[in-house]
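So that the names make sense, note that chain A is the first sequence line, chain B the second, and so on, each numbered from 1.
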Amino acid sequence: MGKKVNEVPDQIDPRLPGGFQLPPFGIHQFLALIIVCVALWALGSVWLGLQGAQQWVGSWQESVQLHVYLPVEKGDDIKELNERLASLDGISSVRQISREEAAVWMKGWLGDTALNVSEFSRRLPESLELTLSDTEHEFLFSDIRDEAARFGAAVNEDEIQMANAHQLLHSIQNLAWFATLVIALAMAMIVSNTLRMILLARADEVHLMRLLGAKEWFVRMPFILEGALLGSGAAILAWVLLWPLVLGISGWTDGLSIDLHPFALLLPLLAGGAVVGCLGAVVATARLVSPDSVDK
Amino acid sequence: MLTAGHLMVTVFPMPDRNTLIEMQQLMLRYPTGKVALSGVSLAIAKGSFIYLTGESGAGKSSLLRMFYGGLRPTSGQLSVQQWDMRGVSEGDVRELRQRTGIIFQDHKLLFSRTVFENVALPLRVQGWEKDRLVPRARKVLEFVGLDDRLWSYPEALSGGEQQRVAIARAMVTNPAVILADEPTGNLDEDTARRVLDLLMTLNSNGTTVIMATHDLHLLTSHPGRVIQLHQGSLVGGSHG
């Protein structure tokens, strides 16, 4: 029995180029996928590290707060200290925390132990909670320390360390953005060079399609799609490879009460990879000139 | 030439409806300064079979390239399928190419693709769906006698078979005109005659065929109108 005339044999799938048909996957694409994946993995690790560090210093809080403690015997000076601290540049507000409130908070922090709040509150110093508006203000911490010392009060130095760490993290975050930009450009160039090689290998096909009257989008679309696919494929692979890292350091992060969320990186990596891939493809196809081109 | 005061205007006649290609005082100069065509005036009627002859470098291939928008006239008038090729837009050139079948001197077959894929490519460019595309490509390959080589790669075919694939690709969209640049150039006489038989059959079905060739002896068995070029000009002046 003869086959129907319009039946394409199962074992041979016609691969017609152009439009939404991707070029075949070869060694060049595989190498580009690996390189872009490694770059994205490195970026993902940096941002994951920043995520952990931010949790550690508590930078999820909207503002940085410091506490100043005044001994009970100097409690009469609390109002004046409050006013002096509030007048410093870089401090947005100062709130006096009553000793009862501090004792209740501490009871909760200790796991609701059988602590006598009224008895305990009598032993606590007077507390002021400073909300900082600008942690980068020059001499801010020195000024706070000086004012506190004048009244015989003490500043919570651990919180100052945290505020400094917060500042440092801010600088590191800027560096991370810069690194992201540089690596994104490098990845776009890698994708662009890979597609350029594929384009060179397929120059005859591109030329022929143009001679047959193909529209430019039809000629270029496979390469744009390939770029986007390379970028997003590498991003997914990089994201999957972040998990062994997260699981490997989980003992250490648990000890620091850090809860890493790689899921938060999936969409940024995927979108970033796809955009970078498209960008590389657009660059690669920007000067796709054929003989007998329709350009004047 | 009309003169109105200081203004001199060259008036070209409007192309006839039965005229597929018309040119007046056509000139082509390459950026290098070489003049490929000069003062060529002729008209090609729909449905005709044209032999473009002349020595190497006479301008045959340049003229064929102008017919599908691969080259633009430097001066003069050229009208192809009602398009004025001097100011034709990119979109119009694409449309013109979709209505033109081209057989190249070097075949321009894609060796990484099967015979079927090579022939189906123009249909894909024109947006044919698979259910229409497959039977059409098969039918055309049947016409050129290659229906048993659908899934072969061109490198496995002989020179004559490759040329027949090129003909199938050129005719698959049923174009108004087929431009063939030396289609029998590298073929033995018998194969060349078979190729020419195919082109003649297409012509008898209404397709205009314009063929650049050196093989003048083919004319005895396959008659057609001869346009002879010599150093970029028509031999014997304008041909109507």
What part of B/Arg132 is in contact with chain A, defined as an atom under 4.5 angstrom from a non-hydrogen atom: side chain, backbone, both or neither? neither

Residue selection (most heavy-atom pairs with chain A, distance under 4.5 Å) from B/Arg124, B/Arg136, B/Gln126: B/Arg124

Is there a side-chain contact (heavy atoms from CB on, under 4.5 Å) between B/Leu63 and B/Met23? Walk through the geometry before answering. CA-CA 11 Å; B/Leu63 194 56; B/Met23 62 200 85; 3.9 Å; yes

So, is the end of the B/Lys34 side chain (NZ or CZ) under 6.0 Å from the ring centre of B/Tyr30 and within 45° of the ring's axis? no

Answer yes when B/Arg138 and B/Glu142 have at least one side-chain N-carboxylate O distance shorter than 4.0 Å, and no when they do not. no

Heavy-atom pairs under 4.5 Å with chain A, option from B/Leu150, B/Ile102, B/Val125, B/Leu133 with the top count: B/Val125

Hey, can you tell me if B/Phe49 and B/Tyr51 have their rings parallel, tilted or perpendicular (30° and 60° cut-offs)? tilted

As an exercise: rank B/Ala137, B/Pro122, B/Gly91 by heavy-atom pairs under 4.5 Å with chain A and give me the winner. B/Pro122

